[in-house]
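Some notes on the structure that comes next.
When a residue number appears, it is its place in the shown sequence, counting from 1.
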Amino acid sequence: MQQSTKITAAMSLLAQKKELFLQYEAITDRLLEATEVDDMEKYITQRGDLAMQIDNIDAALQQELTPWGQAARQLLTGHDPSEGVLEELAPLTEPVSEIMTVVRRIRMKNSDAVEQMQRTRAEAEDQIKKAQNIPKINKYLTGLADRGQGNSMGSI
């Protein structure tokens, strides 16, 4: 395959990758708004599915850009290639930059999502502890009621 055809294929793959990252970001936004554990689980699963698709695109990009070696690998990871961007790779710099912008936004949101999930977990653990105490409280109240039968004040 001609090098220009490989660059065109890489541009198409980068467009797909950007779209997947935008979807990933949108799901991350939904995850941030989620209050139910089931919703969080659904969004985490969806993000995992998108991550696998992104990994597949990365593998295809590596394949397409093999002729450019390390310079292409550095460019795709958002680093400036040490030998500078080869002229043939120049059309890829803007799409890669756009993807890296989305990735930076996702990284910032991820820390917020982790904090929110930790808060939700803590709230769920508190609810579980409270629920575990209900039988103890019921037993205590039943015990009080049983002792109090016969006279209204118990034994004073």
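- Among all heavy-atom pairs drawn from Ala34 and Met40, the shortest one is O-CE, 3.4 Å.
- Side-chain contact between Lys18 and Leu22 is present, with heavy atoms from C-beta onward closer than 4.5 Å.
- In this structure the side chain of Lys6 reaches within 4.5 angstrom of the side chain of Pro67, judged on heavy atoms.
- For residues 50-63, every residue pair satisfying the side-chain hydrogen bond (donor to acceptor under 3.5 Å, both in side chains) rule, not counting sequence neighbours, is listed here: Lys17-Asp58.
- Taking both residues in full, the closest heavy atoms of Leu92 and Leu75 are given as CB-CD2, 3.8 Å, listed atom of the first, atom of the second, then distance.
- Between atom CZ of residue Phe21 and atom CG of residue Leu50 there is a gap of 9.5 Å, rounded to the nearest 0.5 Å.
- Distance alone, capped at 3.5 Å, places no donor-acceptor pair between the Ser97 side chain and the Thr93 backbone.
- Taking CZ of Arg104 as the start and CE of Met108 as the end, the distance is 9.5 Å to the nearest 0.5 Å.
- Considering CG of Asn110 and OH of Tyr24, their distance stands at 5.5 Å, rounded to 0.5 Å.
- By the 4.5 Å heavy-atom criterion applied to side chains, Leu31 and Asp39 are not counted as neighbours.
- Hydrophobic clustering keeps Met117 apart from Leu32 (ILVMFWY residues linked when any side-chain heavy atoms are closer than 4.5 Å, directly or through intermediates).
- Contact annotation: the side chain of Ile99 never approaches that of Leu76 to less than 4.5 Å [non-hydrogen atoms, C-beta and beyond].
- Side-chain contact between Arg105 and Thr101 is present, with at least one heavy-atom pair separated by less than 4.5 Å.
- Residue Leu61 holds its CG atom at 11.5 Å from CD1 of Ile54, rounded to the nearest 0.5 Å.
- Between Leu65 and Ile7 there is a side-chain heavy-atom pair separated by less than 4.5 Å.
- Rounded to the nearest 0.5 angstrom, Met52 CE and Leu20 CG are separated by 12.0 Å.
- The two residues Pro91 and Met11 come nearest to each other via the heavy atoms O-SD, 3.3 Å.
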Report the C-alpha distance between Gln70 and Arg73 in whole Å, list the side-chain angles of each, state the deciding distance to 0.1 Å, and finish with yes or no for side-chain hydrogen bond (donor to acceptor under 3.5 Å, both in side chains). CA-CA 5 Å; Gln70 185 65 24; Arg73 282 189 291 284; 3.3 Å; yes

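- Asp29 has its side chain out of reach of Tyr43: every pair of non-hydrogen atoms, C-beta onward, lies at least 4.5 Å apart.
- With rounding to the nearest 0.5 Å, the separation of CG in Leu89 from CD in Glu87 is 10.5 Å.
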